[in-house]
Amino acid sequence: MTLAHHRTFTKDTRLDQISRSLINWESALYNGTYILGAKGSGKSTLAADIALYHFFKGNPQCIIDPLGVGTIDTFLWQVWRFLQDMPPEIPSSYHDLFWKQIIYINVASAERVVPFPLIYKTGQERSLLEVAERYLNTILMTSPWLMHAQVQGWPPLHLIGSQTAITLAALDYPLTLALDLLRHPEEWRNAGRFAQAVKNYPESAPAVQFFLEEYIPAGQAKRQRLLNPYFDKVFVFNLDDNLRAMFGAIKHGIDFDEVDHKGQTVLIDFRHETDPQLKRFKLLWIFSTIFEYIRLRGRKDTPLGLIIDELATLSQHITEGENPLANLLDEFINVYMRNHHIYFTCAHQSIYQLDEKLRHTLLSLGTYLFGRCAEITEARELGELLWRNDPFRVKHNRKVWGKLDPPYPIRLSQHSWDYLRQQYPRYPYYVLDAEPEFMNIEEQREEAANQLMDLSLFDFFLRPSLREGEVSTDVYKVNLASMVQDNVTGEACYLDQDVVAQIRSLLEAASGMPIKTLLAEQDALVSKDTKHHVPRVRKPDTADASQKPPSAAVPALPNPPAQQHHQRRRLIS
Amino acid sequence: MWAYQAREIDSPIPCPYAKEFRAIAQETVFSRVTETTPPEMFTKAQQLLLSLYQDLTERMQQKDLFHFPSARTGRHWCVLAEYEHAYHRLRNFARMYDPPPPPPEPAPKPQPLTDAELMERLKEYVKRRTKETFFGQNQEEEESA
């Protein structure tokens, strides 16, 4: 049951007020909303108001907030204040209805996580390659320069990554076992896992064949050369319990179908992820997962809200070549956003944070909400987008003066003429005409830029989208100060950090799953009897070695790790 | 008396004491009763009428021992009947001009929930919610299956 069924208690958001007075907000959201504003201009508060709008309408939504302190905190604070304004005799079970609608995810929690596995099947994939390519495409988005490194870059990474992921997917194993597979392929073969993979999914036979016929017989040096770029990306998942639990889980922690059905709000908070590389990877992976769901979702009557604050943290500046993220967003905005009824909203600080392709992609969104700009060059560009320059715009009308001369003889000299004109005030100068003087384009740009620079806190210029393919030519100035004002006293009521932190920690416990449970689940995948501890010889394996007993067939690695993964596991068990 | 007149029967004849009572009561009490007369004035007027009745009765007994002893029989309208009449008249005026009862005091506005109370509710929700994690539910379902 969504909140739309509980309209008795609902909040009039600022967007509702705008919707009543100025525009049809549903149409504006339909074509995507682009929020730009310098630090402290109130854009996160605005994004939170859009989130509240969806929340009280019962629309499902996902809010991705790399910083957390803006949109997510404001949203939770607004919900908190709303519940506080309810009559106290309302039973707590009624409050539960609202809390149940919120799923809070702390992506860097040390105790509880919501899994986003790197290998997952939706049932709609054409082949296992599609499953395998998801993670590899995300790697490409986080490190686009890999495409240009042909030797130690994309080609070997793609080769190893896809074969490994296909094999693991065929076994329903998580990607966190990739290291084990690549380090000890012989033991996997002897444990019969390759055969099991082919048995489960015959289409995985080429990948298994690659391991049996190319990878295992290859020398250690060749293996290492192939593995380097891939290992560089996957080794971290085994070093951190949070990463292993989050990305190595068996199934997703969020059922997006349920979110959609119940009209829930998913808050994804990245504030505690301090490593910028990891943060970008997590952002992109979670965005890709949501995008995958959107692809499969199709069109529904109920829109799905997707709000990304500080979008620039997802992107990388690409000076030349293609930007994979721009391509992904381009596909999302131009193909899926409108067709699949997604109300997409993104916010960031400056257009210069993005490269040109991504900038153009985002500027194709229908509704603009531009706040104060930090610098004049950006303000000029944005001003040009908001207001249409009119070459015939009249700056002012210049008076044209005229005078009728008295009828004097023509023979008079010029001096006499002048003398006579002064002597006859009956014929004064008068305004003969008014000649318009047009404002040139540069001046119009400056005027627009100054308007953007002079905006104060919570002031935004709104250029709404009217309907599909049509944007308004009017620009409205809206103020969101009422978002942070008390309903009764009208005083500014800023959020209480302590209260919001407590709400977050409680909601995290309600949504997440214990890391220990998830790790135990992963460990249980590899049963004890198949755990490998076999002597190895230096000679590379041959094709007919599989016929021999395992102990004799599997060679040892020349430089075995000091403490092997499987040994550690055995010691623990 | 008007009731007698309406029924076209001989109306009672007021005695001089009754007439005097009526005249004094009209002049001193009823002519001053208005819609804005406060309730305590009616009480005082009631006491005035009573004392007037007692004075007249006392005088009557002193001066006219053979005054018709009962005012309730025959056509004699004596001071007692006049007093009762005035008493009821004044009482009805008092009831009619009673000021409307003051509006009931508005119920005290309920105090909004404090942060602590609200947090307690959230904690209870989380406690319930964590009990029904899908791991737990799944296990129960499997066991029951």
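Letters A, B, ... are given to chains in the order of the sequence lines, protein chains preceding strands, and every chain is numbered from 1. Atoms considered below: every heavy atom in the structure, side chains included; atoms not considered: hydrogens, waters and symmetry mates.
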Colleague: So for atom CD, which belongs to B/Glu40, do other residues, nucleotides or ligands contribute more than 12 heavy atoms lying within a distance under 6.0 Å?
Modeller: yes

Colleague: Restricting to non-hydrogen atoms, name the atom on B/Met119 and the atom on A/Ile503 that form the minimum distance, rounded to 0.1 Å.
Modeller: CE-CG1, 4.2 Å

Colleague: At a 4.5 Å cut-off on heavy atoms, which part of B/Glu124 comes close to chain A: side chain, backbone, both, or neither?
Modeller: side chain

Colleague: Are A/Asp96 and B/Arg129 side-chain neighbours, meaning at least one heavy-atom pair lies under 4.5 Å?
Modeller: no

Colleague: Assess whether atom NZ of B/Lys44 is packed by more than 12 heavy atoms of other residues, nucleotides or ligands within 6.0 Å.
Modeller: no

Colleague: Indicate yes or no: at least one non-hydrogen side-chain atom of B/Leu113 is less than 4.5 angstrom from one of A/Leu83.
Modeller: no

Colleague: Take atom CD in A/Glu111; do more than 12 heavy atoms of anything else shown fall under 6.0 Å from it?
Modeller: no

Colleague: Could you list the residues that satisfy ring pair (Phe, Tyr, Trp, His ring centres under 6.0 Å) with B/Phe42, not counting sequence neighbours?
Modeller: none

Colleague: I need the minimum non-hydrogen distance between A/Ala509 and B/Val126, along with the two atoms involved.
Modeller: CB-CG1, 4.0 Å

Colleague: Does any non-hydrogen side-chain atom of A/Gln502 lie less than 4.5 Å from one of B/Lys123?
Modeller: yes

Colleague: Rounded to the nearest 0.5 Å, what's the gap from CH2 on A/Trp80 to CG on B/Leu118? Could you check?
Modeller: 4.0 Å

